[in-house]
There are 2 protein chains.
Amino acid sequence: MQNKQAITILAALAQESRLAVYRLLIEHAPEGLAASAIAEQLGLPNATLSFHLKELSHAGLVSSRQSGRFIYYAPVIEVMNDLIGYLTDHCCSQSGGSCAPATRKSAPAKGVAATGKRRSGSA
Amino acid sequence: MQNKQAITILAALAQESRLAVYRLLIEHAPEGLAASAIAEQLGLPNATLSFHLKELSHAGLVSSRQSGRFIYYAPVIEVMNDLIGYLTDHCCSQSGGSCAPATRKSAPAKGVAATGKRRSGSA
DNA sequence: TTGATGATTCTATAATCATGGAAATATGGA
DNA sequence: TCCATATTTCCATGATTATAGAATCATCAA
């Protein structure tokens, strides 16, 4: 992941309403939620929510799909995952791994180890 | 970690100069770097750097210690680690772990599984 | 087509943030 | 003490971001 992209994603999350939207969507993954449902649950005016959804979309954190009159928004887990990877790879580099205790949330037992490379070299 | 704190940290990182400062400090962890050295390496005016360092400090991402006329800044790894934990715990919740493939950066072989709890319940 | 509803865009306003020169505040050495 | 250096604070300026009402656009049902 590039610096610029990381900044865009971090900025998208660094806002109360947007973080709330994202977390709400996470609770409703993977189907997502219609904009109206989000607005209702969070008590946001339509225009304000739309503004924030655009920011989240622009950062790639959420995707949208239309279904009738509704537009469903859903989190894009990969992007969050890439962000976590970026932070992990830069929260301690040369020093030899004094951070990131690798205890994720659920047991890393199944097909865990073969997904990606992580640690892309210089940056 | 609280929502508010996460937002503060995310906002602190979501800025080009600050992210650069933080990453530079990571490269020089754990001793850190003097403000003047940071300013020189990144080509930032003193006042500007000071402003950003204050933001990073306020977010808890860096600590400072005085040594003679110099003030050394160093990254606080725990805070970054907590942030990663927060994101990990909220990038997929109910859904059953479709994210965070647990491939950190170096081989998770030693004391990996028993470190912490993570996943603090509701939030 | 008309009406109702969902969602976005337009627009103005207010608030926050970033920048950097200049002045002020440490600190250590002579 | 006086000077040089390191760093921060003060301040003004410009840029970006957040908010939300009103208007507009889109979709479906009748």
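All values below come from the heavy atoms of this structure, side chains included, with hydrogens, waters and symmetry mates left out. All figures in this text were calculated on a predicted structure; none of them were measured in a lab. To find a chain, count down the sequence lines: A is the first, B the second, and so on, and within it residues start at 1.
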Practice task
Applying side chain to side chain contact (heavy atoms under 4.5 Å, CB included), run through B:Ser17 and B:Thr48 and close with a yes or a no.
Solution key: CA-CA 9 Å; B:Ser17 298; B:Thr48 301; 5.5 Å; no

Problem - Contact nearer the 5' end of DNA chain D, comparing A:Glu55 with A:Gln66 - result: A:Glu55

Exercise for the section: Kindly determine whether B:Leu42 and B:Leu49 satisfy side chain to side chain contact (heavy atoms under 4.5 Å, CB included), including the steps that lead there. Expected result: CA-CA 9 Å; B:Leu42 300 181; B:Leu49 175 64; 5.5 Å; no

Exercise for the section: Answer with base, sugar-phosphate or nothing: what part of the nucleic acid does A:Ser36 contact at a heavy-atom distance below 4.0 Å? Expected result: sugar-phosphate

Exercise for the section: Would you classify B:Ala39 as touching base, sugar-phosphate or nothing, given that sugar-phosphate means primed atoms plus P, OP1 and OP2, and contacts are heavy atoms under 4.0 Å? Expected result: nothing

Protein-nucleotides 20-24 of chain C N/O pairs under 3.5 Å:
| from | atom 1 | to | atom 2 | distance (Å) |
| --- | --- | --- | --- | --- |
| C:dG20 | OP2 | B:Thr48 | OG1 | 3.4 |

Exercise for the section: To the nearest 0.5 angstrom, please state how far the CD1 atom of A:Ile9 sits from the OH atom of A:Tyr22. Expected result: 9.5 Å

Exercise for the section: Rounded to the nearest 0.5 Å, what's the gap from OH on A:Tyr73 to CG on A:Leu56? Could you check? Expected result: 9.5 Å

Whole Å only: how far is the [atom1] atom of [X] from the [atom2] atom of [N]?
| X | N | atom1 | atom2 | answer |
| --- | --- | --- | --- | --- |
| A:Lys54 | C:dA7 | NZ | C1' | 12 Å |
| B:Leu49 | C:dA18 | CG | P | 13 Å |
| B:Ile71 | C:dT25 | CD1 | C1' | 11 Å |
| A:Glu40 | C:dA7 | CD | C1' | 15 Å |
| A:Tyr73 | C:dG6 | OH | P | 15 Å |
| B:Ile7 | C:dT16 | CD1 | P | 15 Å |
| A:Leu10 | D:dT17 | CG | C1' | 17 Å |
| A:Tyr72 | C:dA7 | OH | P | 8 Å |

Practice task
Evaluate side chain to side chain contact (heavy atoms under 4.5 Å, CB included) for B:Gln15 paired with B:Glu55, printing each intermediate quantity in order.
Solution key: CA-CA 10 Å; B:Gln15 207 280 337; B:Glu55 293 286 303; over 6 Å; no

Verify the contact: side-chain N or O of [X] to OP1 or OP2 of [N], cut-off strictly under 4.0 Å; return yes or no.
| X | N | result |
| --- | --- | --- |
| A:Gln15 | D:dT19 | yes |
| B:His52 | C:dT19 | yes |
| B:Ser17 | C:dA18 | no |

Where is the tightest heavy-atom contact between [X] and [Y], given as atom of each residue plus distance?
| X | Y | result |
| --- | --- | --- |
| A:Tyr72 | A:Glu31 | CB-O, 4.3 Å |
| B:Met1 | B:Leu83 | CE-N, 3.7 Å |
| B:Ala12 | B:Leu61 | CB-CD1, 3.9 Å |
| A:Pro75 | A:Ala29 | CG-CB, 3.8 Å |
| B:Arg18 | B:Phe51 | NH1-CE2, 4.1 Å |
| B:Phe70 | B:Ala34 | CD2-CB, 3.8 Å |

Each nucleotide N or O in nucleotides 28-30 of chain C that has a protein N or O under 3.5 Å away: list the pair and distance.
none

Handout entry: Intermediate values then yes/no, side chain to side chain contact (heavy atoms under 4.5 Å, CB included), B:Ile71 and B:Arg65
Key = CA-CA 6 Å; B:Ile71 297 182; B:Arg65 107 195 109 84; over 6 Å; no

Report all interatomic pairs (protein N or O, nucleotide N or O of nucleotides 12-16 of chain D) with separations under 3.5 Å.
none

